[in-house]
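Report on the structure given below.
So you know, we letter chains A, B, ... as the sequences are listed, proteins then strands, and number each from 1.
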2 protein chains.
Amino acid sequence: MKYYSISEAAALCNIPETTLRYYDKKGLLPLIERDEAGRRMFSETQMALLQTVICLKNTHMPISSIRQYMAWIVEGEATLELRLDMMRKHKQKVLQEIAMLTGYLPAIDEKIDRYLKQLEEKTT
Amino acid sequence: MKYYSISEAAALCNIPETTLRYYDKKGLLPLIERDEAGRRMFSETQMALLQTVICLKNTHMPISSIRQYMAWIVEGEATLELRLDMMRKHKQKVLQEIAMLTGYLPAIDEKIDRYLKQLEEKTT
DNA sequence: TGTTGACTTGGACCATGGTTTAACCTTTAT
DNA sequence: ATAAAGGTTAAACCATGGTCCAAGTCAACA
């Protein structure tokens with residue numbers, strides 16, 4: 001089984017090493033293995049979990065919730081419903097955020113169009 | 001011309017008064033008028049500008065950039081191109097954000113589906 | 001007249017999400 | 001043996017976006 005060092009993991013995920021250590025400290029990377037020298041070893045499984053962390057972080061889930069989610073994963077089957085519920089709620093949040101951003105696009109376009117017109121008038 | 005007090009403005013925009021004062025302090029509400037007692041008076045024009053501030057803030061433009069944009073508005077015609085450029089870039093940012101969030105939806109759906117299946121298996 | 005309610009201020013405080021620092025520990029290559 | 005490369009830690013520091021507090025002003029009403 002291949003293991004990645006923290007620098008390899010960081011490079012693969014395109015994220016600073018310091019951030020990975022910070023996530024570990026915050027409990028976002030449970031069950032992370034260490035070698036004899038105490039260095040973090042990222043297994044393929046860990047890399048997959050890390051991808052999940054990054055997905056949740058990029059979709060603006062707070063660190064504290066990501067920690068809770070990862071803790072539930074470690075707990076196993078008993079927390080399936082909790083995780084399902086959390087993901088469903090999170091999906092709704094993401095959809096709402098997309099809707100909000102999309103909803104503002106016309107207002108932004110309006111300003112762009114107005115400035116274009118005004119610039120045109122200025123030069124004519 | 002109708003003027004709104006800070007509490008009315010706050011209520012209309014559904015935003016705390018403290019945040020409005022904070023925005024003013026940060027230079028996001030230029031040209032705001034005051035009555036004899038020093039109280040802020042929001043004209044219809046100010047309310048429209050405030051809507052713009054809220055639009056930009058909700059679409060994640062940093063306070064410092066919003067301040068720059070508002071300062072350009074005050075400067076007038078000479079800054080039309082700068083404002084146009086800023087809005088175009090901002091629109092691209094918003095589109096990218098929408099794309100990123102949308103791009104993560106399948107990963108979230110996958111988790112939801114997986115949990116649903118696992119729960120089904122558990123009860124069968 | 002006094003007190004109530006809405007407003008003002010500067011500055012302290014807070015939460016979030018990292019980033020930096022300083023001192024230290026292992027391998028490995030020279 | 002020693003230095004460079006890559007890793008460790010706790011704790012301090014930072015930026016962002018507010019939020020809260022104490023002390024004061026002002027207008028109106030009992």
Side-chain angles (χ1 to χ4, degrees), chain A residues 2-43 46-47 50 52-70 90 93 97 100-101 104, chain B residues 2-43 46-47 50 52-70 90 93 97 100-101 104:
Chain A
K2 162 88 186 175
Y3 283 99
Y4 301 92
S5 70
I6 194 169
S7 58
E8 289 169 328
L12 284 171
C13 297
N14 204 28
I15 202 178
E17 292 180 31
T18 56
T19 303
L20 286 181
R21 292 202 189 92
Y22 169 74
Y23 286 171
D24 189 15
K25 181 152 56 172
K26 287 289 178 170
L28 270 50
L29 308 174
L31 302 182
I32 193 109
E33 297 176 64
R34 303 288 188 124
D35 68 7
E36 326 75 44
R39 277 167 282 177
R40 291 170 188 81
M41 293 163 58
F42 293 76
S43 66
Q46 281 300 323
M47 293 304 286
L50 184 46
T52 298
V53 168
I54 291 169
C55 161
L56 297 177
K57 168 208 117 175
N58 282 345
T59 50
H60 310 140
M61 182 181 284
I63 299 279
S64 57
S65 304
I66 302 179
R67 175 177 53 236
Q68 174 67 88
Y69 179 71
M70 299 310 281
H90 184 57
K93 285 254 177 192
E97 173 82 2
M100 196 206 55
L101 292 175
Y104 276 119
Chain B
K2 161 90 186 172
Y3 284 99
Y4 301 92
S5 70
I6 195 168
S7 58
E8 289 169 328
L12 283 172
C13 297
N14 204 27
I15 200 178
E17 292 182 31
T18 57
T19 302
L20 286 182
R21 291 202 188 92
Y22 170 74
Y23 286 171
D24 189 16
K25 183 152 55 169
K26 286 290 179 170
L28 270 49
L29 308 175
L31 302 182
I32 193 110
E33 296 175 66
R34 304 289 187 123
D35 67 8
E36 325 74 45
R39 277 168 283 176
R40 292 171 189 80
M41 293 163 56
F42 293 76
S43 67
Q46 281 300 323
M47 292 304 286
L50 184 46
T52 298
V53 168
I54 291 169
C55 161
L56 298 177
K57 168 207 119 177
N58 282 346
T59 51
H60 310 140
M61 182 182 285
I63 299 280
S64 57
S65 304
I66 302 178
R67 175 177 55 234
Q68 174 67 87
Y69 179 70
M70 300 310 281
H90 184 56
K93 285 253 178 193
E97 173 82 1
M100 196 206 55
L101 293 175
Y104 276 119

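Atom CG of A/D35 is separated from atom C1' of D/dA5 by 15 Å (rounded to the nearest Å). Distance B/K25 NZ to D/dG18 P: 13 Å, rounded to the nearest Å. Distance CG (A/L20) to P (C/dT20): 15 Å, rounded to an integer number of Å. The CD1-P distance, from B/I6 to C/dA6, rounds to 13 Å in whole Å. Between A/E33 atom CD and D/dT8 atom P the separation is 14 Å, expressed in whole Å. Atom OH of B/Y22 and atom P of C/dT8 are 18 Å apart (whole Å). One can place CZ of A/F42 at 8 Å from P of D/dT8, the figure rounded to the nearest angstrom. Rounding to whole angstrom units, CD of residue A/E8 and C1' of D/dG7 are separated by 13 Å.
Considering only side-chain atoms of A/T19, the nucleotide from C/dG18, D/dC20, C/dT26 that sits closest is C/dG18. In this structure, of C/dC7, C/dG18, D/dC20, it is C/dG18 that holds the atom nearest to the side chain of A/Y23. With C/dT8, C/dT19, D/dT9 as the candidates, the nucleotide lying closest to the side chain of A/R34 is D/dT9. The side chain of A/S7 sits closest to D/dG6 out of D/dT19, C/dG17, D/dG6. Side-chain proximity of A/E36 to the nucleotides C/dG18, D/dG18, C/dT27 is greatest for C/dT27.
Atom OG1 of B/T52 and atom CE of B/M47 lie 11.5 Å apart (nearest 0.5 Å). Here B/I63 contributes atom CD1 and B/Y22 contributes atom OH; the two are 5.0 Å apart, rounded to the nearest 0.5 Å. Distance CD/A/E17 to CD/A/E8: 10.5 Å, rounded to 0.5 Å.
Side-chain atoms of B/K57 and B/I15, non-hydrogen and from C-beta on, do get closer than 4.5 Å to each other.
Shortest non-hydrogen contact noted between B/D24 and B/L29 is OD1-O, 3.7 Å.
Projected onto DNA chain D by closest heavy-atom contact, B/S64 and A/R39 fall at different nucleotides, the more 5' of which corresponds to A/R39.
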